[in-house]
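Remarks on the structure that follows.
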Amino acid sequence: MTDDKARGISETATDFMWGFWYPALRSEQVLGRKLVRAILLDVPLVLGRDVAGQPFALRDVCPHRAFPLSFGQFDGSAVECAYHGWQFDAHTGQCRVIPSLTADSKLKCERIYAGSFPCAERDGYIWAFMTSPEGRDLSSSQQSTPPAEPSLPTFSERYKIAHLWADLPCTVDHGIIGLMDPAHGPFVHQAWWWRSRRSIREKSKQFEPIPNGFRMSPHPPSANSAPYKILKLLSGEPATTTIDFVLPNQRFELIRAGRYWLSSRTTVTPIRQDLCRLDFCAAWNILPWFPIVSFIIHVLGPRFIRQDTEVIEKQALGLKYGDRMMLVDDADRQARWYFELKSSYLESQRTGAPMRHPMDGPVTLRWRS
């Protein structure tokens with residue numbers, strides 16, 4: 001098989017992508033003065049809220065003896081290590097107090113920092129900007145302001161919002177290419193109200209490049225999916241769907257029909273090399289007084305996620321042997337774009353050269369699903 005028809009992808013150690021926002025925890029998981037542990041990109045974090053309720057994220061390692069700060073105390077302003085009582089500013093990581101120092105000590109504790117990460121709250125998540133494994137170095141004057149944290153697009157003042165999540169026992173690369181795979185639906189997600197093998201038909205979609213990603217241009221939703229048929233009946237107007245993928249890990253989908261809209265974002269976040277987490281967030285204004293969308297998301301959504309999780313668990317049995325995967329024809333083109341985008345970004349970070357986009361312009365892809 002020629003290279004333009006298939007591309008082998010070997011199972012090697014995943015290169016994490018630094019310099020992006022990642023969802024660390026859901027907002028509801030960090031309450032009051034509680035210190036909460038998390039791991040992102042193999043980095044241990046401790047998260048909490050200050051007296052004003054603003055979130056913070058520190059590297060969960062005391063620079064003194066590497067004791068986890070999450071076992072310590074928090075007074076709303078500073079985190080105190082439970083081992084020797086060193087205190088660190090919750091937002092900057094700057095050391096404020098070293099109880100063992102005598103009055104004549106020449107050690108300047110303010111020059112010591114625990115690793116810290118820019119932190120923000122949006123759409124029901126606490127986000128951390130992962131600068132590097134060590135965190136930002138506020139003792140240096142070479143500091144840059146991170147971009148704004150990701151935001152789920154919404155199109156009216158009033159709407160409902162929901163969140164789903166699941167752990168995926170795989171590398172982030174496998175989680176992401178599974179997320180954008182258009183051909184597994186009739187086999188993994190078979191249901192009378194969704195799709196079956198008998199509903200497989202040829203699809204033709206146009207894609208276009210966008211900054212750090214690609215877009216499936218606005219198009220009618222799949223005619224072989226019952227929920228989209230219901231939406232058309234409700235609105236009386238044809239629906240359109242737009243799907244974006246943006247590095248490092250975000251898939252946006254916008255469905256619009258008349259005045260109705262549903263906006264969703266799915267992220268696949270690396271926790272460790274062999275574990276990632278899927279977070280799904282959706283907002284909508286479709287019949288807020290009638291829980292049809294809420295039912296689909298809260299009842300049918302977990303079933304979809306469970307089916308994907310079971311597939312990934314079984315796939316892991318084969319991946320452990322290190323065989324190369326094949327990415328074939330148009331159905332796997334999005335996965336190829338992802339790997340090319342990621343490689344280009346990592347090369348740009350390494351060399352400082354502008355990032356090269358793998359797409360030159362609009363492309364039409366065809367597959368059966």
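Any value given below was found using the heavy atoms of this structure, including those in side chains, with hydrogens, waters and symmetry copies removed. Start at 1 with the first residue, then count along the sequence.
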Would you name the heavy atoms of [X] and [Y] that are closest together and state the gap between them?
X      : Y      : answer
Val36  : Gln29  : CG2-O, 3.5 Å
Ala38  : Leu47  : CB-CD1, 3.7 Å
His298 : Ala162 : NE2-CB, 3.6 Å
Pro150 : Gln250 : CB-OE1, 3.4 Å
Glu208 : Met359 : C-CE, 3.7 Å
Arg96  : Cys109 : O-SG, 3.5 Å

Test of ring centre spacing under 6.0 Å for [X] and [Y]:
X      : Y      : answer
Phe245 : Phe214 : yes
His163 : Tyr125 : yes
Tyr345 : Phe20  : yes

Linked, directly or transitively: [X] and [Y] (ILVMFWY side chains, under 4.5 Å):
X      : Y      : value
Leu317 : Leu319 : no
Leu152 : Ile126 : no
Tyr83  : Phe71  : yes
Phe155 : Leu262 : no
Tyr338 : Val363 : yes

Side chain of [X], backbone of [Y]: donor and acceptor closer than 3.5 Å?
X      : Y      : result
Lys342 : Asp15  : yes
Gln94  : Glu110 : yes
Arg256 : Thr242 : no
Asn212 : Val246 : no
Asn249 : Gly175 : no
Asp75  : Ala78  : yes
Thr269 : Tyr22  : no
Trp261 : Ala283 : no
Ser264 : Ala282 : no

When you look at Ile243 and Glu253, which way does the side chain to side chain contact (heavy atoms under 4.5 Å, CB included) test go after all the steps?
CA-CA 4 Å; Ile243 300 175; Glu253 182 167 358; 3.8 Å; yes

Before you tell me yes or no, could you show the steps for Thr171 and His174 under side chain to side chain contact (heavy atoms under 4.5 Å, CB included), namely the whole-Å CA-CA distance, both residues' side-chain angles and the distance that decides it to 0.1 Å?
CA-CA 5 Å; Thr171 69; His174 285 297; 3.2 Å; yes

Side-chain touch [X]/[Y], heavy atoms, less than 4.5 angstrom:
X      : Y      : value
Tyr260 : Asn285 : yes
Leu41  : Pro133 : no
Trp21  : Pro118 : yes
Val43  : Phe16  : no
Pro358 : Leu341 : yes
Phe252 : Pro153 : yes
Ser156 : Arg259 : no
Cys170 : Cys276 : yes

According to the interplanar angle, ranging from 0 to 90°, do the rings of Phe207 and Trp367 count as parallel (below 30°), tilted (30 to 60°) or perpendicular (above 60°)?
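The rings of Phe207 and Trp367 sit tilted, inter-plane angle from 30° to 60°.
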
Of all pairs that satisfy salt bridge (charged side-chain N to carboxylate O under 4.0 Å, His left out), the ones with a partner from residues 49-73, not counting sequence neighbours:
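Counting only pairs at least two positions apart or across chains, the salt bridge (charged side-chain N to carboxylate O under 4.0 Å, His left out) contacts touching residues 49-73 are Arg37-Asp60, Arg49-Glu121.
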
Nearest-0.5 Å distance, [atom1] of residue [X] to [atom2] of residue [Y]:
X      : Y      : atom1 : atom2 : result
Ser116 : Leu45  : OG    : CG    : 11.0 Å
Ile286 : Ile255 : CD1   : CD1   : 7.0 Å
Asp330 : Arg333 : CG    : CZ    : 5.0 Å
His64  : Cys81  : NE2   : SG    : 8.5 Å
Leu254 : Thr154 : CG    : OG1   : 10.5 Å
Cys95  : Arg111 : SG    : CZ    : 13.0 Å

For Asp123 and Arg265: C-alpha separation, side-chain torsions, deciding distance, then whether side chain to side chain contact (heavy atoms under 4.5 Å, CB included) applies.
CA-CA 10 Å; Asp123 300 328; Arg265 178 189 59 223; 3.2 Å; yes

Which pairs, with at least one residue in residues 353-364 and sequence neighbours excluded, count as a side-chain hydrogen bond (donor to acceptor under 3.5 Å, both in side chains)?
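Of all non-adjacent pairs touching residues 353-364, none passes side-chain hydrogen bond (donor to acceptor under 3.5 Å, both in side chains).
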
For Thr102 and Asp104: C-alpha separation, side-chain torsions, deciding distance, then whether side-chain hydrogen bond (donor to acceptor under 3.5 Å, both in side chains) applies.
CA-CA 6 Å; Thr102 59; Asp104 59 349; 2.6 Å; yes

Hydrophobic cluster partners of Phe56 (side-chain heavy atoms under 4.5 Å)
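Answer for Phe56: Leu35, Val46, Leu58, Leu69, Phe74, Val79, Trp86, Phe88, Ile98, Leu101, Leu107, Ile112.
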
Mind running side chain to side chain contact (heavy atoms under 4.5 Å, CB included) on Val51 and Ser77 for me, showing each step along the way?
CA-CA 7 Å; Val51 290; Ser77 175; 5.8 Å; no

Can you name the residues that form a salt bridge (Lys or Arg N to Asp or Glu O under 4.0 Å) with Asp274, not counting sequence neighbours?
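Checked Asp274 against salt bridge (Lys or Arg N to Asp or Glu O under 4.0 Å); matches are Arg272.
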
Who pairs with Glu157 by salt bridge (Lys or Arg N to Asp or Glu O under 4.0 Å), at least two apart in sequence or on another chain?
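Not a single residue meets the salt bridge (Lys or Arg N to Asp or Glu O under 4.0 Å) criterion with Glu157.
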
Worked verdict on Asp89 versus Tyr113 for side-chain hydrogen bond (donor to acceptor under 3.5 Å, both in side chains):
CA-CA 9 Å; Asp89 183 275; Tyr113 284 81; over 6 Å; no

Other residues, nucleotides, ligands: >12 heavy atoms within 6.0 Å of Tyr159 OH:
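No, the 6.0 Å shell around OH holds no more than 12 heavy atoms from other groups.
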
Taking atom CD as the centre, does Gln349 end up with more than 12 heavy-atom neighbours from other residues, nucleotides or ligands that are less than 6.0 angstrom away?
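Atom CD in Gln349 is crowded, with more than 12 foreign heavy atoms closer than 6.0 Å.
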
Partner set under side chain to side chain contact (heavy atoms under 4.5 Å, CB included) for Ile305, not counting sequence neighbours:
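Only Leu164, Ala166, Leu278, Thr309 meet the side chain to side chain contact (heavy atoms under 4.5 Å, CB included) criterion with Ile305.
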
